[in-house]
Asks: 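Below: one structure in structure tokens.
Every chain is numbered from 1 and lettered A, B, ... according to where its sequence line falls, protein lines coming before strand lines.
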Amino acid sequence: MIAVRSLRIGFLSTLYHTSHIIREEGWLEQGLGVRARWSLFGTGPEMVAAFSRGELDLGYLGLPPAVIGIARGAPLVCIAGGHVEGTVVLARDGYAGIEERGTVASVVEGFEGSRVGIPAAGSIHDVIFRDLVMRYRTPGIRIINYAWADLIPHAAGKAEIDLAVGTPALAVLCVRECGMRVVLPARTLWPFNPSYGILAQRRLLEEASLLEGFLVLHEKACNLFREDPEGAARIVVQALPWLEGGFVLEVLRVSPRYCASLPEAYRESTLKFLPVLEKLGYLDPARRIETERIFDTRFISNVHPDSHHY
Amino acid sequence: MLTIWFLSGLKEAVGRTEVRLDYRGTVSGLLEELGKSYGQRWRERVFAEDAPTRRNPFVKILVNGEDIRDEDPELAGDETLIFFMPVAGG
């Protein structure tokens, strides 16, 4: 029995998130009889703030900003995955990449003295890159955070930044519009990093059939991205008609690791962010957050009991 | 003079990335004014499908770096505006 008849859902423009398919195809209305109110956000941290104000029931975002929010008391929990390894580092001409340098450390050393454009502080991209800077001791890198990732190619075009960090969609834009190139592909940065998952308001956990109904649709859309990228791209273009199909397909192929499940590898990769978030001052080391406060795997385990497809 | 940058989703509709314009008034008035220059393609993208005077919620407008969200601020005529439709993700 579904008691809740409407859902307020926060989503990002990231075009391989299932939000675009579910929203465009009206699956929630048709499949669950639920009225959805979708709100677009620029970054995950902005969405966490909306959750804290009680303005959202579900949200699509990267796990680090969600964990920061949970540690600070936001009534949130991750109930499903969606995609892993969605962060890419690009550079303008003159920078060596992993192919030339051979190791991540050596590539990052070459960033010394550079200006880097990254989405908001506390976003997964920001945390991954700041971890690289700390790990390889390159303090001369200047990070510039942007409220919308779309401003990063604009900044690159005006020569305000040398490097860009962000999603596969940002990567394709920077390659096409700014002549940048990928110097650290997604697979080289942080294994299995939780590029996005489905976050739910804790009070919604009592609505098991609603959440499982939503996750069935989410998994179906994840499968579409993985198994039929052309079909998925057609729906994304209907949802976002200012995009062209070739662009969407190119983005979908950058890091095609789409699945709704929450396997151990996903959860462990998320937990590896905790000490980094402590070093960056987002979390209190004296109050380590428990796994159960971040994840509730009951619903996705019922919907997706078999092995993951990431 | 206003400096207006058109980024993803809108520069294709306009056919250029930067415009300088002598304009004072509200942002909604500016959208109408730009519609006179850039025609149907601009209108289709900037205004909602079901209500041709309501802004498409996917159109983001920054005035001097600030996201105006649903507001309709008055422009003094010397601001820098950025118009875009998000595609680069979060």
Asks: Tabulate, in ascending numerical order, the residues of residues 73-90 of chain B having at least one heavy atom closer than 4.5 Å to a heavy atom of chain A, or enter 'none'.
Replies: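 I82(B), F84(B), M85(B), P86(B), V87(B), A88(B), G89(B), G90(B) fall under the 4.5 Å cut-off.
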
Asks: Going from CH2 on W148(A) to CG on L7(B), what distance comes out if it is rounded to the nearest 0.5 angstrom?
Replies: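 One gets 12.5 Å once the value is rounded to the nearest 0.5 Å.
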
Asks: Checking H17(A) against chain B: side chain, backbone, both or neither under 4.5 Å from a heavy atom?
Replies: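 Neither part.
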
Asks: So for P168(A), is it side chain, backbone, both, or neither that comes closer than 4.5 Å to the heavy atoms of chain B?
Replies: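 No part of it gets close to chain B.
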
Asks: Verify the neighbour count for atom CD of E66(B): are there more than 12 heavy atoms of other residues, nucleotides or ligands below 6.0 Å?
Replies: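 Counting neighbours around CD of E66(B), 12 or fewer heavy atoms of other residues, nucleotides or ligands fall under 6.0 Å, so no.
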
Asks: Which region of F11(A), side chain (C-beta onward) or backbone (N, CA, C, O), has a non-hydrogen atom less than 4.5 Å from a non-hydrogen atom of chain B, or is it both or neither?
Replies: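 For F11(A), the side chain is the part near chain B, not the backbone.
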
Asks: Do other residues, nucleotides or ligands put more than 12 heavy atoms under 6.0 Å from the CZ atom of R142(A)?
Replies: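 Atom CZ in R142(A) is not crowded, with 12 or fewer foreign heavy atoms closer than 6.0 Å.
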
Asks: Please classify the contact of L10(B) with chain A as side chain, backbone, both or neither, using a heavy-atom distance under 4.5 Å.
Replies: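 Contact with chain A involves no heavy atom of L10(B) at all.
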
Asks: Who among G166(A), G44(A), G42(A) has the most heavy-atom pairs with chain B under 4.5 Å?
Replies: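 When all of G166(A), G44(A), G42(A) are compared, G42(A) has the most.
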
Asks: Working to the nearest 0.5 Å, report the span between NZ of K60(B) and CG of D150(A).
Replies: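 CG of D150(A) is found 10.5 Å from NZ of K60(B).
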
Asks: Sort by residue number and list every member of residues 13-43 of chain B having a non-hydrogen atom under 4.5 Å from chain A.
Replies: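 Residues of residues 13-43 of chain B touching chain A at under 4.5 Å: none.
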
Asks: Please flag which part of L12(A) lies under 4.5 Å from any non-hydrogen atom of chain B: side chain, backbone, both or neither.
Replies: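 Just the side chain, heavy atoms under 4.5 Å.
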
Asks: Count the heavy atoms belonging to other residues, nucleotides or ligands that lie under 6.0 Å from CD of E71(B), then report whether that count exceeds 12.
Replies: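 It does not: E71(B) CD has 12 such atoms or fewer within range.
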
Asks: Among L40(A), T43(A), I124(A), single out the residue with the greatest number of heavy-atom pairs under 4.5 Å to chain B.
Replies: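 Going by pairs under 4.5 Å, I would pick L40(A).
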
Asks: If you count heavy-atom pairs within less than 4.5 Å of chain B, which of L243(A), T14(A), V248(A) leads?
Replies: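 The residue among L243(A), T14(A), V248(A) with the greatest pair count is T14(A).
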
Asks: With a 6.0 Å cut-off (strictly less than), is the heavy-atom count around CZ of R181(A), excluding the residue itself, greater than 12?
Replies: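 Yes, because the 6.0 Å sphere around CZ of R181(A) holds more than 12 heavy atoms from other groups.
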
